There are 2 protein chains.
Amino acid sequence: MTTPQEHRSVEERREQLVDAALAVMTDDGLPAVTTRAVTARAGLPHGAFHYCFGSKGDLFRAVLERELRRSMAAAFAVEIDSPAVTAKITAGIRANLDLVRARPDAALALTELISLARRDPALHDLARWEHDSYLHEVTANVEAWSSAHGISWRRPVVQVSRVFIAVSEGVTSSWLSDRDDQAAEQSIALAAEALATLAEEDAA
Amino acid sequence: MTTPQEHRSVEERREQLVDAALAVMTDDGLPAVTTRAVTARAGLPHGAFHYCFGSKGDLFRAVLERELRRSMAAAFAVEIDSPAVTAKITAGIRANLDLVRARPDAALALTELISLARRDPALHDLARWEHDSYLHEVTANVEAWSSAHGISWRRPVVQVSRVFIAVSEGVTSSWLSDRDDQAAEQSIALAAEALATLAEEDAA
DNA sequence: GTCTATAGCATGATAGAC
DNA sequence: GTCTATCATGCTATAGAC
């Protein structure tokens with residue numbers, strides 16, 4: 001805490017502080033993320049903060065950027081290759097829910113940060129960037145899978161993907177309120193069944 | 001601001017402060033809601049705060065309670081009586097989106113408050129209460145409409161309602177990120193079309 | 001009930017020794 | 001680069017005059 005630190009690159013220090021910030025906000029919520037709490041958690045003196053980040057806003061930006069990247073990477077790391085449309089949709093939505101279920105507090109913290117980003121003009125670009133690249137990834141994913149299995153959609157894939165994302169977000173958000181696994185599972189099954197009607201098998 | 005106030009009942013004062021708190025958080029976000037900002041906005045001296053509310057947490061509770069009630073009331077005030085399933089679902093989801101679209105900053109503020117409630121143990125019951133009563137209302141609504149029009153569902157109505165809510169929340173959340181009216185409209189249409197396949201006309 | 005004044009503390013940021 | 005000490009400000013909450 002107060003023991004003198006050996007030299008580290010600013011990059012490493014930043015990483016260390018971003019880790020700490022994430023830990024604090026996971027444990028105690030966004031308002032608890034103060035420069036002091038973060039440095040303390042990182043085992044660094046308070047003064048360390050301001051030669052790694054110019055301001056608290058800069059820290060938030062770094063946290064958001066890294067975590068959104070990570071969470072998207074995790075969401076798409078899951079390979080689902082069922083040939084059945086309903087099964088594929090089910091698995092996709094469930095994969096996303098599982099991420100949240102594994103670390104609910106971290107997920108909650110991330111939504112708090114995104115809330116902040118949606119309002120703070122300085123972070124607005126991040127909220128948009130997250131939204132856009134997520135849609136982009138999902139669309140690419142759906143497109144690849146569809147053509148691999150000879151499935152086509154009765155509407156542009158982007159539009160279909162947007163609905164997938166909306167449903168997935170909605171189910172996840174509900175689970176965060178009620179933590180009801182069974183209800184979530186039923187919702188996913190039901191939604192997948194309905195959404196599958198948007199697909200049609202290619203008569204190739 | 002500093003001019004002496006005539007006497008008002010504590011109830012009225014509370015109402016006044018809740019209004020002010022909502023205004024502040026709509027304009028400047030949840031973190032800007034300080035006891036000072038609220039009383040200033042209400043045109044009251046700072047000291048007024050603590051004989052209306054025991055603490056800041058009490059204020060948050062009052063705001064959440066009132067606003068959740070209002071927003072649910074508004075959502076269900078819209079009478080939609082189309083006999084076509086797809087049209088009914090479309091209208092229902094759109095009604096909810098319209099509420100958010102009318103006052104996006106207020107909606108954003110409310111989600112921030114709900115985020116807070118999901119984490120703060122003292123407010124946890126409110127988050128649950130909102131979730132439960134919302135589901136309850138939607139279910140009752142769907143049930144009434146279905147029996148009036150001779151429609152039945154291939155799954156328990158509660159489950160269907162849960163999916164409706166999830167889709168609605170998801171679409172709304174997406175819109176809050178991209179403010180893309182056209183995309184939202186398409187998502188609603190697509191989702192409604194898919195969800196309508198869960199219904200079946202009674203062969204009465 | 002109403003309001004002023006202030007206690008008591010935490011905050012983000014900086015100045016400057018090492 | 002590293003860290004201590006401190007500044008200026010803002011916060012919630014309360015004590016106590018009116």
Side-chain angles (χ1 to χ4, degrees), chain A residues 1-25 27-64 112-113 116 119-123, chain B residues 1-21 23-25 27-64 112-113 116 120-123:
Chain A
M1 211 81 86
T2 322
T3 26
Q5 305 285 327
E6 53 186 271
H7 182 91
R8 293 224 190 266
S9 80
V10 177
E11 266 314 301
E12 277 174 300
R13 285 265 192 257
R14 268 197 224 256
E15 191 75 9
Q16 205 176 342
L17 287 175
V18 169
D19 284 337
L22 193 70
V24 171
M25 78 193 232
D27 287 355
D28 305 319
L30 192 57
V33 179
T34 64
T35 55
R36 293 176 141 84
V38 170
T39 50
R41 185 85 169 222
L44 293 174
H46 182 217
F49 189 89
H50 280 91
Y51 59 85
C52 290
F53 296 102
S55 73
K56 203 178 152 183
D58 289 354
L59 169 69
F60 281 145
R61 164 168 290 271
V63 174
L64 247 189
E112 283 182 77
L113 248 193
L116 182 81
R119 192 182 295 275
D120 186 348
L123 297 175
Chain B
M1 210 81 88
T2 322
T3 26
Q5 305 285 327
E6 53 187 274
H7 181 92
R8 293 223 189 268
S9 81
V10 178
E11 266 314 301
E12 279 174 300
R13 285 268 192 255
R14 266 196 226 255
E15 191 75 7
Q16 205 176 342
L17 288 175
V18 169
D19 283 337
V24 170
M25 79 192 231
D27 287 354
D28 304 320
L30 191 57
V33 180
T34 63
T35 55
R36 291 176 141 80
V38 170
T39 48
R41 185 83 168 221
L44 292 176
H46 183 217
F49 190 90
H50 280 91
Y51 60 83
C52 290
F53 295 102
S55 73
K56 201 177 152 180
D58 288 353
L59 169 69
F60 280 145
R61 162 168 292 269
V63 175
L64 246 188
E112 283 181 78
L113 248 192
L116 181 82
D120 186 347
L123 297 174

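None of the values given here were measured: they were computed from a predicted structure. Chain A is the first sequence line, chain B the second, and so forth, proteins listed ahead of strands; every chain is numbered from 1.
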- Could you list the residues that satisfy salt bridge (charged side-chain N to carboxylate O under 4.0 Å, His left out) with B:D19, not counting sequence neighbours?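 Listed in chain order: B:R66.
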- Task: Please tell me which of A:P31 and B:S9 maps to the more 5' nucleotide of DNA chain C, matching each residue to the nucleotide holding its nearest heavy atom.
- Result: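 In this pair, the answer is B:S9.
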Figure out the [atom1]/[atom2] separation between [X] and [N], and round it to whole Å.
X     : N      : atom1 : atom2 : result
B:L59 : D:dC11 : CG    : C1'   : 15 Å
A:Y51 : D:dT4  : OH    : C1'   : 12 Å
B:L17 : C:dT2  : CG    : C1'   : 13 Å
A:D28 : C:dT11 : CG    : P     : 12 Å
B:E12 : C:dG1  : CD    : P     : 11 Å
B:F53 : D:dC11 : CZ    : C1'   : 18 Å

- Determine, step by step, whether A:L22 and A:V18 satisfy the side-chain contact (heavy atoms from CB on, under 4.5 Å) criterion, reporting the C-alpha distance in whole Å, the side-chain angles of both residues, the deciding distance to 0.1 Å, and the verdict. CA-CA 6 Å; A:L22 193 70; A:V18 169; 5.5 Å; no
- Task: Taking side-chain contact (heavy atoms from CB on, under 4.5 Å) as the test, write out the residues that go with B:D58, two or more places apart.
- Result: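 Residues passing side-chain contact (heavy atoms from CB on, under 4.5 Å) with B:D58: B:F53, B:S55.
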Counterpart residues, side chain to side chain donor-acceptor pair (under 3.5 Å), relative to [X] (two or more places apart):
X      : answer
A:D27  : A:R41
A:T34  : none
A:D120 : none

What nitrogen or oxygen pairs link the protein and nucleotides 13-15 of chain D at under 3.5 Å?
unit_1 : atom_1 : unit_2 : atom_2 : d
D:dA13 : OP2    : B:H50  : NE2    : 3.1
D:dA13 : OP2    : B:K56  : N      : 3.2
D:dA13 : N6     : B:H46  : ND1    : 3.4

- According to a strict under-4.0 Å criterion, is A:R13 in side-chain N/O contact with OP1 or OP2 of D:dT2?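 For D:dT2, OP1/OP2 do have a side-chain N/O of A:R13 under 4.0 Å.
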